[in-house]
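Chain letters run A, B, ... following the sequence lines, proteins first, then strands; residues in each count from 1.
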There are 2 protein chains.
Amino acid sequence: MVVTTPKHSGHEHPRPRSAAVVDDIVAQLCDLGYRDTEPRRLVISAVAAQSRPFTAEELCSALPCVGRATVYRGLRLLVETDQVCRVLLEDRELRYQLSHQGHHHHLLCAVCGASADLEGCDVEEMLRDAAATAGFKMSGHWLEVYGRCGECAED
Amino acid sequence: MVVTTPKHSGHEHPRPRSAAVVDDIVAQLCDLGYRDTEPRRLVISAVAAQSRPFTAEELCSALPCVGRATVYRGLRLLVETDQVCRVLLEDRELRYQLSHQGHHHHLLCAVCGASADLEGCDVEEMLRDAAATAGFKMSGHWLEVYGRCGECAED
DNA sequence: GACCATAATGATACTCCGTCTCGGAGATTA
DNA sequence: TAATCTCCGAGACGGAGTATCATTATGGTC
Ligand SMILES: [Zn+2]
Ligand SMILES: [Zn+2]
Ligand SMILES: [Zn+2]
Ligand SMILES: [Zn+2]
């Protein structure tokens with residue numbers, strides 16, 4: 001049950017954009033051997049419906065019919081499969097958002113909570129070199145940038 | 001009570017280096033209006049005695065005679081006054097270590113837990129520019145770099 | 001469709017980390 | 001000495017995430 005993908009649907013009502021995203025993610029999970037279940041789809045579509053980085057608890061209350069553990073499990077699965085990425089706020093609160101794939105970092109607005117991907121920034125090289133100077137072989141890093149987005153900028 | 005600073009101590013036995021560090025920190029706190037108390041000194045000297053980044057709980061068990069709340073309060077005070085900095089491990093575990101003052105980042109060995117300050121790395125500029133490109137005004141950032149230290153490096 | 005192995009679910013208990021509360025003990029000042 | 005204030009410690013509390021485990025749903029096979 002649940003919305004099945006109408007492959008060649010002529011001129012029916014188009015489903016909301018997010019539905020396509022959900023189908024897409026579910027398909028990728030299936031390829032990896034994970035089942036297509038209703039609670040999982042609910043979690044994924046709730047994730048896709050968010051417009052800003054959200055917390056796991058927010059997702060739980062947006063999905064009162066899905067068990068808390070299931071929401072957390074779904075979220076973890078999405079992170080592990082790179083569909084969702086985690087961002088860390090200045091107060092160390094952990095939030096999630098749909099990933100645009102590939103390694104990247106986020107700009108987070110401290111006022112409205114908006115997030116943008118950090119483009120045109122090649123820290124990796126620089127960090128690797130600096131690490132080497134200290135005798136370290138870099139294997140990873142965590143970077144979050146905070147500030148105010150265009151809309152929240154003032155004075 | 002408690003070790004007082006022997007200003008001009010002739011040729012007595014030198015106290016452990018860390019004692020000087022403790023006195024120094026306590027003095028700075030006093031300047032800020034905080035009292036010089038025994039539990040506080042115990043916390044500070046336990047901090048100074050650590051050779052690697054440590055967790056709050058580790059500190060608690062290293063100080064069985066000091067209340068848990070007091071250890072946490074002391075730690076928080078030290079962070080707020082910039083005497084101690086916080087580092088975040090890859091699994092998001094929070095650890096602490098004596099600060100070398102000023103804004104800087106850390107290199108953390110994923111094997112032995114050693115930490116080194118990241119020198120000669122000017123990410124700030126780069127981040128600020130990249131943020132501006134996205135219409136953000138950067139106000140802060142969090143960066144941790146993970147890898148293997150020289151001793152733990154292998155093939 | 002029926003059957004089955006097993007992946008997934010959800011209620012709930014639990015752990016972990018850190019903060020709050022509050023009565024009491026010292027310091028500090030008047 | 002009395003009043004005030006910081007600090008202390010025991011323990012209650014709260015939020016976030018995980019573990020447990022009986023039950024259910026899924027997807028492949030016949
Ligand atoms: Zn990066
Ligand atoms: Zn904003
Ligand atoms: Zn920096
Ligand atoms: Zn190491």
Side-chain angles (χ1 to χ4, degrees), chain A residues 1-5 22-23 25-47 53-81 83-84 86-96, chain B residues 1-2 4 22 25-47 53-81 84 86-96:
Chain A
M1 48 145 322
V2 176
V3 212
T4 49
T5 323
V22 175
D23 287 340
I25 294 179
V26 169
Q28 293 192 49
L29 292 180
C30 284
D31 286 349
L32 293 170
Y34 296 99
R35 293 184 182 168
D36 176 0
T37 70
E38 168 130 17
R40 192 115 82 195
R41 285 192 101 101
L42 287 173
V43 169
I44 298 174
S45 57
V47 166
F54 54 91
T55 64
E57 290 302 327
E58 281 166 10
L59 209 59
C60 287
S61 30
L63 292 167
C65 315
V66 178
R68 231 165 72 86
T70 302
V71 172
Y72 274 92
R73 280 187 290 240
L75 219 32
R76 197 195 320 149
L77 178 60
L78 291 172
V79 169
E80 282 166 3
T81 57
Q83 300 292 343
V84 160
R86 307 190 302 177
V87 299
L88 200 56
L89 268 43
E90 287 188 279
D91 60 1
R92 292 196 324 115
E93 182 181 63
L94 186 59
R95 293 183 168 260
Y96 300 84
Chain B
M1 43 134 299
V2 179
T4 49
V22 176
I25 293 179
V26 169
Q28 294 192 47
L29 292 180
C30 284
D31 286 349
L32 293 170
Y34 296 99
R35 294 186 182 162
D36 176 0
T37 70
E38 168 129 16
R40 193 115 82 193
R41 285 191 100 101
L42 288 172
V43 170
I44 298 172
S45 57
V47 166
F54 55 91
T55 64
E57 290 301 327
E58 280 167 11
L59 209 60
C60 286
S61 32
L63 292 167
C65 315
V66 179
R68 227 165 70 89
T70 302
V71 172
Y72 274 91
R73 280 188 288 239
L75 218 33
R76 200 198 315 154
L77 177 61
L78 291 173
V79 169
E80 282 165 2
T81 57
V84 161
R86 307 191 301 178
V87 298
L88 200 55
L89 268 43
E90 287 188 278
D91 61 1
R92 296 195 17 258
E93 183 181 62
L94 186 60
R95 291 183 169 260
Y96 300 83

Rounded distance (nearest 0.5 Å) linking atom [atom1] of [X] with atom [atom2] of [Y]:
X: A/Arg41; Y: A/Ile25; atom1: CZ; atom2: CD1; result: 10.5 Å
X: A/Gln83; Y: A/Leu75; atom1: CD; atom2: CG; result: 12.5 Å
X: A/Ile44; Y: A/Asp23; atom1: CD1; atom2: CG; result: 9.5 Å
X: A/Ser45; Y: A/Leu63; atom1: OG; atom2: CG; result: 7.0 Å
X: B/Glu57; Y: B/Arg95; atom1: CD; atom2: CZ; result: 11.5 Å

Euclidean distance, atom [atom1] of residue [X] to atom [atom2] of [N] [Å, nearest integer]:
X: A/Tyr72; N: C/dT12; atom1: OH; atom2: P; result: 17 Å
X: A/Leu94; N: D/dA16; atom1: CG; atom2: P; result: 11 Å
X: B/Asp91; N: C/dC16; atom1: CG; atom2: P; result: 14 Å
X: B/Leu75; N: C/dC17; atom1: CG; atom2: P; result: 13 Å
X: B/Glu93; N: C/dT15; atom1: CD; atom2: C1'; result: 14 Å
X: A/Leu78; N: C/dA8; atom1: CG; atom2: P; result: 13 Å
X: B/Arg95; N: C/dC17; atom1: CZ; atom2: C1'; result: 14 Å
X: B/Arg92; N: D/dG15; atom1: CZ; atom2: C1'; result: 13 Å

Task: Side-chain ion pair, A/Arg40 and A/Glu38, N-O less than 4.0 Å - done: no
Nucleotides 28-30 of chain D: which of its N/O atoms have a protein N/O under 3.5 Å away?
none

TODO: Do nucleotides 4-9 of chain D as a string where each nucleotide becomes B, S or -: B if the base has a protein heavy atom under 4.0 Å, S if just the sugar-phosphate does, - if no protein is that close.
DONE: -BBSBB
Task: For the student: nearest non-hydrogen atoms of B/Val71 and B/Val66, plus distance - done: CG2-CG1, 3.8 Å
Task: Taking every non-hydrogen atom, the tightest pair across B/Glu58 and B/Pro53 - done: OE1-O, 4.5 Å
Task: A/Tyr34 vs A/Leu77 side-chain heavy atoms within contact, under 4.5 Å - done: yes
